There are 2 protein chains.
Amino acid sequence: MAGRTPRRSGQRANSELLTRDLIVTTALRLVDADGMDSLTMRALADALNVYPTAVYWHVGSKSNLIGLVAERVFDELTLPDDNQLSWDEWLGEVVRQWRVVMHRHPNVAVMSAAKLLTTTAALPFIERVVAVLQRAGLSGQQLADVYNAVLGFAFGWVSTELSEEPSDADDTWPAEFEEALTGLSNVAYPALTRNMPDLINRTLLLRWSSGRDRPLDSGFDLALTSLLDGLRRATRSRQGTS
Amino acid sequence: MAGRTPRRSGQRANSELLTRDLIVTTALRLVDADGMDSLTMRALADALNVYPTAVYWHVGSKSNLIGLVAERVFDELTLPDDNQLSWDEWLGEVVRQWRVVMHRHPNVAVMSAAKLLTTTAALPFIERVVAVLQRAGLSGQQLADVYNAVLGFAFGWVSTELSEEPSDADDTWPAEFEEALTGLSNVAYPALTRNMPDLINRTLLLRWSSGRDRPLDSGFDLALTSLLDGLRRATRSRQGTS
DNA sequence: ACCTGAACACCGTTCAAGT
DNA sequence: ACCTGAACACCGTTCAAGT
């Protein structure tokens, strides 16, 4: 097909030169538009109007490129001021911010929870989180536990909310799944059938739409406030332990 | 190479016949052994000593096969008795069980949070969860919110814990990352450097080992108990509020 | 019904060569 | 330094044909 082959002349089509930055920007655009699977080195090269190997020269490998895309999304985070807020309020705002950004880039969100990120680009972010926890009087193992509890929740919960729908193209599975759920026997599934109106396509394992189309706002709010409430009590009762 | 081509005779090598069940079992074995990426229809066919198209006849497509593998892992869950336990205690046990099973199949865990699961196989599990919440006096939107809060935490947090390390083969990034973290300036990163011994390779974004090798037990425990504690208070204070 | 065998349209990545 | 061009060893999936 036309468009597969880059320009034949020595220079690129547009006046911009091929840079690492432009590559990452274009990659993020592809991922946002059509999902992580649609990010191929060849499609990316096509979009940039160069040969795939030109992309390799700038980013090394696909997995490295994916890391760069994740960093780019990280940079969209703007952290709240850490005065005027208690540590749990501040962390709550950070997690909310995280969710907002991830809803802008759901395909990156899903990937971020799946792949271990080892990037120094997140260090300024982490410094602020640790500083807030330290100022709250936490230290040692307890500081690490609160950190993991909250960030694990933020990354994981939002990623689960945004998990991607199967793309079997022509498929009829949403209709079939809905039919199966509405047609459930109320003797075999008494609790489920009774509460189905509040659950169907609104809860995990009972939905066919991703949180991209149907955000689980109230469930997220409840989870976040409950977690922080519980953490506040847990840290208050045995402050400074170990 | 040898081994690529199935047997030439009419029948399979071993006496077992090729069934959907055997295919799923073999697929799970491949995924557990070498990760989700190593599950290719061709490698699977090789392991079963048939042509790839024979696998297609039984499972339809790769994405359908992945769903079947997820169901297989789901079946390993054994739910606790729901008498003798309060609803939050019971849910806590379920989430712990979930984590135990996912630690047995980390590659499936990561995939489960990334892909939207629409399977009727989980319905008996869901019925019990909803029944427990209902018996606790929850209903309507509040029931759905608690459900999403807890399951989203279970799926997401554990998936984040178990996220997979990059596999760039020969790579030296673990050592480089560790060096970057230990060599941090304590004027630029005062809180981070002060707490680094408790954080390095033990917390999200500051680790190069997956939770498969270094489980985040205490962080998980704190998060789970805090979440449930908070949920108990939140539901008690405004019971029945739709 | 169940499987073989060949083919199509893709992948990520490497290597040599150009400028 | 930066990119072209060709090639290698793979993919998922479809289709026709065998038994």
Side-chain angles (χ1 to χ4, degrees), chain A residues 1-23 26-27 30-31 34-69 115 166-171, chain B residues 1-23 26-27 30-31 34-69 115 166-171:
Chain A
M1 319 164 177
R4 277 251 98 220
T5 309
R7 300 199 72 250
R8 278 143 206 82
S9 67
Q11 289 313 103
R12 305 203 45 254
N14 38 31
S15 54
E16 330 172 62
L17 47 156
L18 185 62
T19 63
R20 196 174 165 116
D21 205 71
L22 178 61
I23 290 173
T26 308
L30 290 183
V31 168
D34 288 307
M36 211 71 215
D37 291 345
S38 79
L39 177 61
T40 72
M41 298 303 271
R42 294 170 125 100
L44 178 57
D46 264 12
L48 291 162
N49 213 11
V50 296
Y51 276 79
T53 37
V55 177
Y56 272 87
W57 196 90
H58 286 278
V59 301
S61 69
K62 181 173 181 180
S63 84
N64 189 56
L65 170 63
I66 289 176
L68 295 173
V69 170
K115 297 248 179 197
S167 57
D168 280 6
D170 56 316
D171 239 336
Chain B
M1 327 165 172
R4 276 251 99 219
T5 310
R7 302 200 71 251
R8 278 141 205 84
S9 66
Q11 291 313 104
R12 304 202 46 253
N14 38 29
S15 55
E16 330 171 63
L17 45 156
L18 185 61
T19 63
R20 196 176 166 116
D21 206 72
L22 179 61
I23 290 173
T26 308
L30 291 182
V31 169
D34 289 307
M36 211 71 216
D37 291 344
S38 80
L39 176 61
T40 72
M41 299 303 271
R42 295 170 125 100
L44 178 57
D46 265 11
L48 290 163
N49 212 13
V50 295
Y51 276 79
T53 37
V55 176
Y56 272 87
W57 195 89
H58 286 279
V59 302
S61 69
K62 181 172 182 180
S63 83
N64 189 57
L65 171 64
I66 290 176
L68 295 173
V69 171
K115 298 248 177 196
S167 57
D168 280 6
D170 54 316
D171 239 337

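These numbers were taken from a predicted model, which means no experiment stands behind them. Residue numbering restarts at 1 for every chain, and letters A, B, ... go by the order of the sequence lines.
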task = Would you kindly give the CG-to-P distance between B:Leu44 and D:dC10, to the nearest whole Å?
result = 17 Å

Quick one: which protein N/O atoms are closer than 3.5 Å to N/O atoms of nucleotides 12-19 of chain C? Pair and distance per line, please.
residue, atom, partner, partner atom, Å
C:dG12, OP1, A:Met41, N, 3.2
C:dG12, OP1, A:Lys62, NZ, 3.0
C:dG12, OP2, A:Met41, N, 2.9
C:dG12, N7, A:Arg42, NH1, 2.3
C:dG12, O6, A:Arg42, NH1, 3.0
C:dG12, O6, A:Arg42, NH2, 3.4
C:dT13, OP2, A:Tyr56, OH, 2.7
C:dT13, OP2, A:Lys62, N, 3.0
C:dT13, O5', A:Tyr56, OH, 3.3

remark   = Output for pair (B:Asp37 CG, B:Leu30 CG), nearest 0.5 Å, gives 12.5 Å

key: Rounded distance (nearest 0.5 Å) linking atom CG of A:Leu44 with atom CG of A:Leu65   = 6.0 Å

ask   = D:dC10 P sits how many Å from B:Asp37 CG, rounded?
value = 15 Å

Spacing of CZ belonging to A:Arg20 relative to CD1 belonging to A:Ile23, to within rounding of 0.5 Å = 8.5 Å

Considering all heavy atoms, the nearest B:Ala43-B:Ser38 contact = CB-O, 4.1 Å

query = Could you state the CH2-P distance from B:Trp57 to C:dA1, rounded to the nearest angstrom?
reply = 7 Å

key: Rounded interatomic separation in angstrom, taking CZ from A:Arg20 and C1' from D:dA1   = 15 Å

key: For the student: nearest non-hydrogen atoms of A:Leu22 and A:Leu17, plus distance   = CD2-O, 3.7 Å

note = Closest heavy-atom pair, A:Ser61 versus A:Tyr56, reported as atoms and distance to 0.1 Å, is CA-CE2, 4.2 Å

inquiry  = In whole Å, I'd like the distance from the CG atom of A:Leu48 to the P atom of D:dC2.
reply    = 15 Å

remark   = All heavy atoms of A:Met41 vs all of A:Val55, minimum pair found to be CE-CG1, 3.8 Å

ask   = Looking at residues at least two apart in the chain, or sitting in another chain, which of them share a side chain to side chain donor-acceptor pair (under 3.5 Å) with A:Ser63?
value = B:Asp168

note = Note, DNA chain C 5' to 3' with Watson-Crick or G-U pairs under 3.5 Å encoded as ( ), [ ], | and . gives ||.|||||...|||||.||

key: Protein-nucleotide distance (B:Ile23, atom CD1; C:dC3, atom C1'), rounded to Å   = 11 Å

inquiry  = For C:dC3 and B:His58 - does any side-chain N or O of the residue sit under 4.0 Å from the phosphate oxygens OP1/OP2?
reply    = yes

remark   = Residues A:Ile66 and A:Met36: closest non-hydrogen pair is CG1-CE, 3.8 Å

task = Look at A:Tyr51 and D:dC3 and indicate whether a side-chain polar atom (N or O) is within less than 4.0 Å of OP1 or OP2.
result = no

